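The block underneath contains the structure these notes are about, expressed in structure tokens.
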Amino acid sequence: MTQNLGLDFIDRTLRTTGILLLIGLVFCLYYLGIYPALAIFSAGVWSMVNLMFLAALVRAALRPDEVDKMRVAGLAFLKFPLLYVSGYFLLKVPVFDPIHLIIGFSVILAVVVLKVVGRALFGLDAKARNDENIQGAV
């Protein structure tokens, strides 16, 4: 499972979360109204941006060769103050209910958990290993 949970796992998670948020936005607009839908969507997008910055920061800081310190500093400067200040102001919007924001912040976590559980239940990693062994034998 570890070979398929690399950095491409983050990209797939971001893609799935984005699609899920767009589909959920339509349903939430219809069933919950505009402000709850915007709260869930905004918090979900904030979580996606947070994960993108975190992945870029880890890629820049943890390298086998020389670390690009300027890139790490730039990403840290963007991620920590600006992203968290925007999250603070997102929490302070008076028309956004905190429960809707929590749902939005949790969408990406649910996607990660469901992807891992799905891979474990369907045995996709074992199938990939068997395919590699068959290709190696030929």
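Keep in mind that the numbers below use all heavy atoms, side chains included, and drop hydrogens, waters and symmetry copies. Every value quoted in this text rests on a predicted model; they were computed, and no experiment measured them.
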Donor-acceptor contacts, no H, no angles, side chain residues 60-77, under 3.5 Å, sequence neighbours left out:
{"unit_1": "Arg63", "atom_1": "NE", "unit_2": "Asp65", "atom_2": "OD1", "d": "3.2"}

Could you measure the distance from the [atom1] atom of [X] to the [atom2] atom of [Y]? Nearest 0.5 Å is fine.
X	Y	atom1	atom2	answer
Leu14	Ile108	CG	CD1	5.0 Å
Ile10	Arg15	CD1	CZ	12.5 Å
Leu54	Arg59	CG	CZ	10.5 Å

* Evaluation steps, side chain to side chain contact (heavy atoms under 4.5 Å, CB included), between Phe27 and Leu32 -> CA-CA 8 Å; Phe27 286 104; Leu32 299 177; over 6 Å; no
Should [X] and [Y] be regarded as members of a common hydrophobic cluster, given that ILVMFWY residues are connected when their side-chain heavy atoms come within less than 4.5 Å of each other, either directly or indirectly?
X	Y	result
Met52	Leu22	yes
Leu90	Leu109	yes
Ile103	Leu101	no
Val49	Leu91	yes

* Would you name the heavy atoms of Ile34 and Leu29 that are closest together and state the gap between them? =>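 For Ile34 versus Leu29, the nearest heavy atoms are CA-CD2, 3.8 Å.
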* Which atoms form the tightest heavy-atom contact between Leu82 and Leu78, and what is the distance? ->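 Minimum heavy-atom separation between Leu82 and Leu78: CB-O, 3.3 Å.
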Output a table of donor-acceptor pairs, distance under 3.5 Å, between side-chain atoms of residues 36-47 and any protein atom two or more places apart or on a different chain; print 'none' if there are none.
{"unit_1": "Ser42", "atom_1": "OG", "unit_2": "Leu38", "atom_2": "O", "d": "2.6"}
{"unit_1": "Trp46", "atom_1": "NE1", "unit_2": "Leu83", "atom_2": "O", "d": "2.8"}
{"unit_1": "Trp46", "atom_1": "NE1", "unit_2": "Ser86", "atom_2": "OG", "d": "3.4"}
{"unit_1": "Ser47", "atom_1": "OG", "unit_2": "Ala43", "atom_2": "O", "d": "3.1"}
{"unit_1": "Ser47", "atom_1": "OG", "unit_2": "Phe105", "atom_2": "O", "d": "3.4"}

* To do: Would you indicate whether the side-chain heavy atoms of Met48 and Leu21 approach each other to under 4.5 Å?
  =>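 The answer is yes; the side chains approach within 4.5 Å.
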* Pairs flagged by side-chain hydrogen bond (donor to acceptor under 3.5 Å, both in side chains) wherever residues 92-106 is involved - sequence neighbours left out ->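 Not a single pair qualifies under side-chain hydrogen bond (donor to acceptor under 3.5 Å, both in side chains).
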* **Residue pairs involving residues 20-30 (criterion side-chain hydrogen bond (donor to acceptor under 3.5 Å, both in side chains); sequence neighbours excluded)** =>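 Of all non-adjacent pairs touching residues 20-30, none passes side-chain hydrogen bond (donor to acceptor under 3.5 Å, both in side chains).
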* **Listed partners of Thr16 passing side-chain hydrogen bond (donor to acceptor under 3.5 Å, both in side chains), at least two apart** =>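 side-chain hydrogen bond (donor to acceptor under 3.5 Å, both in side chains) list for Thr16, sorted by chain: Lys115.
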* For Tyr84, side-chain hydrogen bond (donor to acceptor under 3.5 Å, both in side chains) partners two or more places apart ->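 Listed in chain order: Lys79.
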* To do: Please go through Val113's hydrophobic cluster and name the other residues, only I, L, V, M, F, W, Y counting, with side-chain heavy atoms under 4.5 Å joining them.
  =>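 Joined to Val113, directly or through intermediates: Val117, Leu121.
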* **Contacts of Val95 that satisfy side chain to side chain contact (heavy atoms under 4.5 Å, CB included) - sequence neighbours left out** =>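 Partners of Val95 by the side chain to side chain contact (heavy atoms under 4.5 Å, CB included) criterion, ordered by chain and then number, come out as Tyr35, Val93.
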